[in-house]
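To start, the structure under review is shown below, and the notes come after it.
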Amino acid sequence: MNGFPSVLECISDLTDRQIEGLMDLSHKFKNREERRFTFTQGQPMLTTLFLENSTRTKLSFSTAIKRLGGLYLDFPTESSLKKGENLEETLLTLSAQGFDICVIRSCENGILHEFKDRPPLKLINGGDGTGEHPTQALLDVFTMRELGHDVKGKTVGIIGDIKHSRVANSLKQLISQMGGEVLFCTPKEWEPVDSNKINLTNSLRETLQNSDILYTLRVQLERHDPGIQFDRAHYINEYSLSQEKLEQFGKPNIPVYHPGPVNIGVELQRDILRSKNYKGYEQVKNSIFMRMAIIATMIQNNDKNIGLPIENSEQASIN
Ligand code: NCD
């Protein structure tokens, strides 16, 4: 896929064609039509520089590169970033060691942005603060499609802590780009800042009645302003999904997605997690195939603009 970005920071970095290409390739990996990938430049190497907690994203990237026949090495938690080394020097070090891709997760928004013009190595956003989480949105929409819930012409009700969710931002962009509608459902205090530009309601009933697919978000307490108290009981009463509420609002069979991890009993009741409605484990399964597709496509794009700054490479060849 020509012109695939060397830095995947947000959904708008991808064209419609590139998104479709990723969906097709994920499907092929899933159905074993594409087994092992042949990389022309040798065995690719990937690491995950995660400065925030993760189970699913980190493990699925490491599994994906290994399934492709590449090499995964864990980024040290006791790295020199803790000695004050800046991110650019760290990434140039990874590049000099032969890494092809680094997946970065950070609590800082836009952390990959400065590397877009001249990336030290290929970079994937594994979640930046309240910014974006493009690979999560891609695997979610891929899962919806695989399960017969194609978003084109459909409304996806995204319920929960919208204000602090990078997943919501990437999903909104991707679903719109693929011809679907998003209806955000959130308490007043978690409405996004530019809420006048989006479809938004504070009512779960209205969301269920107008949605074809539900996507629930974790209450992300770690990103909340410490001065603001979270009214857990009120949230559960108004927004937590249970089988009873799905039935009460006339949508007993609606599919329910969640990126994980779930606060069981808060955004979802346990009966939903164990029901046919819940698609969270399918999302986790598919995350491997989508991330294989992203890695394979990114590696194939032979971007000459990657690596050490020009001055350094010239000096290196003179000496
Ligand atoms: C999400 C994340 O970290 O942004 N989870 C994930 O990647 N599977 C959502 C979340 O943490 O709530």
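Atoms within a ligand are numbered from 1 in the order they appear, just like the ligands themselves. All values derive from a computational prediction rather than experimental measurement.
The side-chain heavy atoms of Asn210 and Asn199, taken from C-beta on, include no pair separated by under 4.5 Å. Between Arg291 and Thr63, every side-chain heavy-atom pair lies at or beyond the 4.5 Å cut-off.
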Extract all N/O-N/O pairs under 3.5 Å that connect ligand 1 to the protein, and present each with both atom names and the distance rounded to 0.1 Å.
| unit_1 | atom_1 | unit_2 | atom_2 | d |
| --- | --- | --- | --- | --- |
| ligand 1 | 3 (O) | Arg105 | NH1 | 3.3 |
| ligand 1 | 3 (O) | Arg105 | NH2 | 3.2 |
| ligand 1 | 3 (O) | Arg166 | NH2 | 3.0 |
| ligand 1 | 4 (O) | Arg166 | NE | 2.7 |
| ligand 1 | 4 (O) | Arg166 | NH2 | 3.3 |
| ligand 1 | 5 (N) | Gly260 | O | 2.9 |
| ligand 1 | 7 (O) | Thr57 | OG1 | 3.0 |
| ligand 1 | 7 (O) | Arg105 | NH2 | 3.0 |
| ligand 1 | 7 (O) | His133 | NE2 | 2.8 |
| ligand 1 | 8 (N) | Gln136 | OE1 | 3.4 |
| ligand 1 | 8 (N) | Pro259 | O | 3.1 |
| ligand 1 | 8 (N) | Gly260 | O | 3.2 |
| ligand 1 | 11 (O) | Arg218 | NE | 3.2 |
| ligand 1 | 11 (O) | Arg218 | NH2 | 2.9 |
| ligand 1 | 12 (O) | Arg218 | NE | 2.7 |
| ligand 1 | 12 (O) | Arg218 | NH2 | 3.4 |

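Evaluation of the side-chain contact (heavy atoms from CB on, under 4.5 Å) rule for Thr186 yields Ile162, Trp190, Glu191, Leu200 as partners, not counting sequence neighbours.
For Lys245 (side chain) and Ser240 (main-chain N/O), a donor-acceptor pair under 3.5 Å exists by modelled atom type.
A salt bridge links Asp13 with Lys116; the closest basic N to acidic carboxylate O contact falls under 4.0 Å.
Evaluated for a salt bridge (charged side-chain N to carboxylate O under 4.0 Å, His left out) with Arg166, the options Glu9, Glu132, Glu52 yield exactly one hit, Glu52.
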